[in-house]
Trainee: 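Below is the structure I would like to discuss, written out as structure tokens.
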Amino acid sequence: MSFAASVLTLYPEMFPGALGVSLAGRALEAGTWSLDAIQIRDFAIDKHRTVDDTPAGGGAGMVMRADVLARAVDHASPPGDLRPRLLMSPRGKPLTQARVRELAAGPGAVILCGRFEGVDQRVIDARGLEEVSIGDFILSGGEPAALVLLDAVVRLLPGVMGNAVSGEEESFENGLLEHPHYTRPQEFEGREIPEVLISGNHKKIAAWRREQSERLTKERRPDLLGAQPLVK
Ligand code: SAH
């Protein structure tokens, strides 16, 4: 069964965007995953096809209407649809590789992209939307965040990445940042590839990489050191 993504957006033309090329694009063509970009405006109720209104209590900007969004969510995710319903949101739980893995192991995702100041709280509550953030910064809309999330998920789907092992050795998969990489030429502007990597001694190479991973993680992301490894 392939991974089915439904994205609710005011800008369906942003999809598949970057996911239409390279690994994700080929997997989309091959049917490993599917993508349905749904225009939220089609679920507006009035003749002007309004999707937003001024914030209750005043203030700047516009808020996406709960009634319009609920109709769109119900269309994309009818009763019995087991896919999680996500809302891209800077207030959400930060996306992690662990959550990405869970999503990739499931049937797909229904993803709501916010715009303006965000969405009426009542649709989040009434439809049980899981708020997901891609980092502590503000985008102009949820679409780039949805593309980021789907990119991370799709590359984990069976058959998408040629070499499955490379996925397991990457940053975060073992709770550490990845070691540095080198390739030819042997010397670049006077800098050599570390001796051990051309020694042919696989045990020593593995130990060196592990050391480097631990050093980088300690220096850059000490917060990860208490985290649970995802594999092994
Ligand atoms: N007023 C809101 C920001 C709205 S940004 C606030 O201060 O929290 C408009 C939309 O962009 C949001 O509804 C959300 O869908 C998306 N968005 C912005 N930043 C994001 C982030 N870091 N992660 C995920 N989605 C984000």
Side-chain angles (χ1 to χ4, degrees), residues 3-20 24 33 35-45 49-77 81 83-104 106 108-156 171-172 220-221 223-224 227:
F3 182 92
S6 297
V7 179
L8 299 163
T9 169
L10 289 173
Y11 300 98
E13 64 274 24
M14 288 191 182
F15 296 88
L19 300 182
W33 68 295
L35 176 60
D36 188 16
I38 300 167
Q39 172 57 268
I40 292 169
R41 206 171 286 285
D42 292 344
F43 298 90
I45 293 147
R49 305 220 299 159
T50 310
V51 295
D52 58 340
D53 210 327
T54 52
M62 299 294 271
V63 176
M64 294 177 87
R65 288 172 57 132
D67 51 358
V68 175
L69 291 178
R71 277 163 49 98
V73 170
D74 293 345
H75 166 85
S77 174
D81 188 336
R83 295 175 298 166
R85 294 194 281 249
L86 314 179
L87 167 65
M88 303 319 297
S89 160
R91 292 189 326 203
K93 203 165 165 191
L95 187 63
T96 60
Q97 188 64 14
R99 184 68 183 119
V100 167
R101 275 209 177 273
E102 277 173 12
L103 289 169
V110 177
I111 306 175
L112 176 58
C113 301
R115 280 271 153 184
F116 320 119
E117 289 310 312
V119 313
D120 188 308
Q121 181 63 37
R122 292 170 296 176
V123 72
I124 302 176
D125 299 338
R127 293 299 179 273
L129 305 181
E130 172 190 341
E131 294 184 69
V132 179
S133 167
I134 64 157
D136 292 343
F137 43 79
I138 304 294
L139 301 167
S140 52
E143 290 80 6
L147 289 168
V148 165
L149 180 144
L150 287 172
D151 180 281
V153 167
V154 166
R155 62 189 286 286
L156 294 182
S171 291
F172 309 121
R220 299 183 182 177
R221 294 293 304 276
D223 58 297
L224 290 177

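Just so you know, residue 1 is the first one in the sequence shown, and it goes up from there. Values in this document were obtained by computation on a predicted structure and should not be read as measured data. All ligand and atom numbering here is 1-based and tracks the order in the structure.
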Trainee: Evaluate the salt bridge (Lys or Arg N to Asp or Glu O under 4.0 Å) criterion for residues Arg127 and Asp74: first the C-alpha distance (whole Å), next the side-chain angles of each, then the deciding distance (0.1 Å), finally the verdict.
Mentor: CA-CA 9 Å; Arg127 293 299 179 273; Asp74 293 345; 2.7 Å; yes
Trainee: When rounded to the nearest 0.5 angstrom, what distance separates CZ in Arg155 from CG in Leu19?
Mentor: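 One finds 12.5 Å between CZ of Arg155 and CG of Leu19.
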Trainee: Should you measure from each heavy atom of Val132, which atoms of ligand 1 turn up under 4.0 Å away?
Mentor: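 The list of qualifying atoms is 24 (C).
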Trainee: For ligand 1, which atoms have a heavy atom of Gly141 less than 4.0 angstrom away?
Mentor: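 Checking each atom against Gly141, I get 10 (C), 11 (O), 16 (C).
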Trainee: Quick one: does any side-chain atom of Arg115 pair with a main-chain N or O of Leu10 as donor and acceptor, under 3.5 Å?
Mentor: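 It does not hold such a pair.
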Trainee: For Gly118, take its heavy atoms, then give the atoms of ligand 1 lying under 4.0 Å from any of them.
Mentor: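 The atoms of ligand 1 under 4.0 Å from a heavy atom of Gly118 are 13 (O).
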Trainee: Can you tell which of Leu95, Leu112, Leu139 gets a heavy atom nearest to atom 5 (S) of ligand 1?
Mentor: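 Heavy atom nearest to atom 5 (S) of ligand 1 belongs to Leu139.
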Trainee: Does any N or O atom in Phe116 lie less than 3.5 angstrom from one in ligand 1, N or O only?
Mentor: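 No.
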Trainee: Just which atoms of ligand 1 are under 4.0 Å from any heavy atom in Ala145?
Mentor: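 So the answer, numbered in order with elements, is 24 (C), 25 (N).
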Trainee: Does a side-chain heavy-atom distance below 4.5 Å link Leu8 with Leu69?
Mentor: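 Of all side-chain heavy-atom pairs linking Leu69 with Leu8, none is under 4.5 Å.
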Trainee: Find the distance between CD1 (Ile134) and OG (Ser89) and round it off to the nearest 0.5 Å.
Mentor: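 Here the rounded value is 11.5 Å.
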Trainee: So how far is it from Phe3 CZ to Leu156 CG, rounded to the nearest 0.5 Å?
Mentor: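 Atom-to-atom, Phe3:CZ and Leu156:CG are 10.0 Å apart.
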Trainee: Give the residue and atom name of whichever protein heavy atom lies nearest to atom 14 (C) of ligand 1, and the separation in Å to one decimal.
Mentor: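 In this structure, atom 14 (C) of ligand 1 has Met88 O, 3.1 Å as its nearest protein heavy atom.
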Trainee: Should Glu117 be counted as touching ligand 1, given the test is an N or O pair under 3.5 Å?
Mentor: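 Yes; the residue has a nitrogen or oxygen that sits under 3.5 Å from a nitrogen or oxygen of the ligand.
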Trainee: Which residue supplies the protein heavy atom nearest to atom 25 (N) of ligand 1, what is that atom called, and how far is it?
Mentor: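 Closest protein heavy atom to atom 25 (N) of ligand 1: Ser89 N, 3.2 Å.
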Trainee: Tell me which protein heavy atom sits closest to atom 23 (N) of ligand 1, plus the residue, atom name and distance to 0.1 Å.
Mentor: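 Of every protein heavy atom, Ile134 N, 3.1 Å lies nearest to atom 23 (N) of ligand 1.
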Trainee: With a 4.5 Å cut-off on side-chain heavy atoms, are Phe43 and Ile38 touching?
Mentor: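 Yes, close enough: below the 4.5 Å cut-off.
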Trainee: Can you sort out which atoms of ligand 1 are near Gly142, meaning under 4.0 Å from one of its heavy atoms?
Mentor: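 Listed by number with element, the hits are 11 (O), 15 (O), 16 (C).
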Trainee: Report the residue from Val7, Val68, Val73 that forms a side-chain contact (heavy atoms from CB on, under 4.5 Å) with Ile40.
Mentor: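 Among the candidates, only Val68 passes.
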Trainee: Working to the nearest 0.5 angstrom, can you tell me the gap between Thr50 OG1 and Met64 CE?
Mentor: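 One finds 12.0 Å between OG1 of Thr50 and CE of Met64.
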Trainee: Val119: heavy atom below 4.0 Å from ligand 1, yes or no?
Mentor: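 It does not, in that no heavy atom of Val119 comes within the 4.0 Å cut-off of ligand 1.
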Trainee: Could you pull out the closest heavy-atom pair between Arg83 and Ser6, with the gap in Å?
Mentor: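 Shortest heavy-atom separation between Arg83 and Ser6 comes out as NH1-OG, 3.0 Å.
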Trainee: For ligand 1, find out whether one of its N or O atoms is nearer than 3.5 Å to an N or O atom of Gly114.
Mentor: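 So ligand 1 has an N or O lying under 3.5 Å from an N or O of Gly114.
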Trainee: Does Pro90 approach ligand 1 within less than 4.0 angstrom via side chain, backbone, both or neither, non-hydrogen atoms only?
Mentor: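 Both backbone and side chain.
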Trainee: Would you mind listing which atoms of ligand 1 come within a distance below 4.0 Å of any non-hydrogen atom of Ile138?
Mentor: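 By the 4.0 Å cutoff, the relevant atoms are 5 (S), 19 (N).
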